[in-house]
Each structure stands twice: as structure tokens, then as C-alpha cells.
Amino acid sequence: MIRQKIVAGNWKMNGSKESIVSLINGLLEMEDSNSEVVVAPSFPYLSQVNDLISDSSIVLAAQNVSQEVKGAYTGEVSTSMLGDFGVKYVLLGHSERRSLYGETNELVASKVKAVLDSGLTPMLCIGETLAERESGKTLGVCEQQLQAVIDVVGIVSFEQMVIAYEPVWAIGTGLSASAEQAQEVHSSIRAFLAKSSESVSQKVQILYGGSVKASTSSALFQMPDVDGALVGGASLDAKEFIAIVKTAG
Ligand code: 13P
């Protein structure tokens, strides 16, 4: 099964009106790629970025969304608002949301449902902490995080989703999982999904995230079950991000 690679930049809470213009201008110099290139700015900049990329093949993502459709939810942003600004993907369950903002598996699952209901595509982030890895719980944690979503939206919906495996110990630490470590978990995730649906497990794109740089992405992308990357820090540098995209082919 050939799965298109996705290289997505999660800008997290970084950038300004000015810096975003130069970052996007840098990205617009990218040569055509067979991979899908995605950027995820903070909410206030979605409209600006949507305009700046309108003549390019770069795709827009948001970093979070409310599970509610509309109403008295001060400070929240709905899926339809994201749709108004050309958003295709929504990151959900990022480890920073889970650990810093108390997002549980159940809340993440309800957000996945809201995003699917609105016709947008969830990019579901899963992954274990260092303590969990060291106590042999990596797959158990990933499976629990996935099962909570399967319980709410069903396995077939995973055809409409992207998974990002982001080991917490590799995020922002400069300590990427090796290509072999990533492959091991990615293939296990696929095997877990295959227990519910072989065809869904073959179709779903599984990205790796955690200290991805151009110097490490090439080996990662050669792994049969690594279908791209979710890049944090390195996505704020246009040259580095383009170099990562190049290694994806
Ligand atoms: P870093 O690439 O900065 O480690 O961040 C990864 C990440 O959290 C992407 O969502």
C-alpha cells in the first residue's frame, strides 16, 4: 500500500504577524514535492496564513479545537470557525495538551468526533512518557489512547484520520527516537488497528514526531510504516523545514 507522506509543522505558541510572513515566504520557495506539506499556526494567524498560502499547495492545520459545536464556551474555538479559514487538519491530543491542560483520552475522543462530524481531518497525537517506555508500557499506552477514540468514533473513521506517534521524551528534547524505534512502534500501532480492520490499518498515515530535523528525517522516512513527520521546533526555520520535506521525497 502506497501512502502519501505528510510533513507537518506544528508552530506551537510561536510567531508574530511579521515573522509569519517571512516564514511563509521562505516556505513558498520550496520545490514541488510528492509529500503533503502542512503548517499549524496559532489560532489568531490562521486567516493570515490561509491568505499567504492560497496559491500554493501548502495545507493549513489548527493546533486544537473545542469539542462543542457552538455556544457559551468563552475562549473556545469551534470546528466550523476553523473551516471558515481553510483549515483541513486539526491536531488533537498533543502531549502538551494532555499534560499541561489535562486533556484526557475521553476528551480527546470527543474532540476527534467533533472534527470528523465537521468534515475536517483529525491528526491524533499519541505517545508514551519516558517512565512509561522504561517500564515497558509504550504499546499499552498507545493502544489505550487509540482505543478510547475507537470506542467513540469506530475503527472505520480512522480512514478519515492521521495518527502522529510522538513519544513525549522526544518532544523538544533534541533526543529523537531512532528510525528503528519509531518503526517498531508504528508497525505495532498498525498491527493493533488491524485487529479491528486490516484495510483501515493499511490506509492510515502514521507520522512520527519528536525532535525531527533534516539530519534525522531521511532515515525515519525510509521506514516502511513511517508516513511522514510532525515537526515542532525545526518547522520554525523555513530552510530546515524545506530540507526535511526534501528528504520525504
Ligand atoms: P519538536 O520537534 O520541537 O520536538 O516538537 C515535536 C512536536 O511536539 C510536534 O507536535
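This one's a predicted model, so the numbers in the text were calculated from it and none came from an experiment. Order of appearance sets the numbers: ligands from 1, and atoms from 1 within every ligand.
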Discussion item. Over 60° means perpendicular and under 30° means parallel, so tell me whether H186 and Y208 are parallel, tilted or perpendicular.
Written reply: tilted
Fill in: Test item: side-chain donor near acceptor, H94 and E166, under 3.5 Å
yes
Worksheet item: Is A234 close to ligand 1, meaning an N/O of one under 3.5 Å from an N/O of the other?
Response: no
Item to complete: For atom 5 (O) of ligand 1, find the nearest protein heavy atom and state the residue, atom name and distance (0.1 Å precision).
Response: K12 NZ, 3.2 Å
Discussion item. So does Q183 get a backbone contact from the side chain of S187, meaning a donor-acceptor N/O pair under 3.5 Å?
Written reply: yes
Worksheet, complete the sentence: When distances are taken from atom 7 (C) of ligand 1, the protein heavy atom at minimum range is E166 OE2, 3.2 Å
Fill in: Nitrogen or oxygen atoms of T173 and ligand 1 under 3.5 Å apart
no
Worksheet item: Got the closest protein heavy atom to atom 2 (O) of ligand 1, with its distance?
Response: G232 N, 2.9 Å
Fill in: Closest protein heavy atom to atom 3 (O) of ligand 1, given as residue, atom name and distance to 0.1 Å
G233 N, 2.8 Å
Worksheet entry | Atoms of ligand 1, numbered as shown, that sit under 4.0 Å from any heavy atom of G210 | 4 (O), 6 (C)
Worksheet item: Knowing that exactly one of Q67, E68, E103 qualifies, which makes a side chain to side chain donor-acceptor pair (under 3.5 Å) with K111?
Response: E103
Item to complete: For ligand 1, find out whether one of its N or O atoms is nearer than 3.5 Å to an N or O atom of I171.
Response: no
Worksheet item: Does A170 have a heavy atom less than 4.0 Å from any atom of ligand 1?
Response: yes
Worksheet item: Can you tell me if R190 uses its side chain to pair, donor with acceptor, with the backbone of V204 under 3.5 Å?
Response: yes
Discussion item. Just to check, does G209 reach to within less than 4.0 Å of ligand 1 when the distance is taken from its heavy atoms?
Written reply: no
Discussion item. Show me which atoms of ligand 1 lie under 4.0 Å from any heavy atom of L230.
Written reply: 9 (C), 10 (O)
Item to complete: Kindly determine whether Y89 and E36 satisfy side-chain hydrogen bond (donor to acceptor under 3.5 Å, both in side chains), including the steps that lead there.
Response: CA-CA 12 Å; Y89 293 106; E36 186 174 37; 2.5 Å; yes
Fill in: Note, N64 side chain near R97 side chain (heavy atom, < 4.5 Å)
yes
Item to complete: Record the part of N10 in heavy-atom contact with ligand 1 below 4.0 Å; permitted values are side chain, backbone, both and neither.
Response: side chain
Practice prompt. For S211, take its heavy atoms, then give the atoms of ligand 1 lying under 4.0 Å from any of them.
Written response: 1 (P), 2 (O), 4 (O)
Worksheet item: Are the side chain of Q4 and the backbone N or O of N34 linked by a donor-acceptor pair below 3.5 Å?
Response: yes
Worksheet entry | Smallest separation among heavy atoms of V156 and V200, with atom names | CA-CG2, 4.1 Å
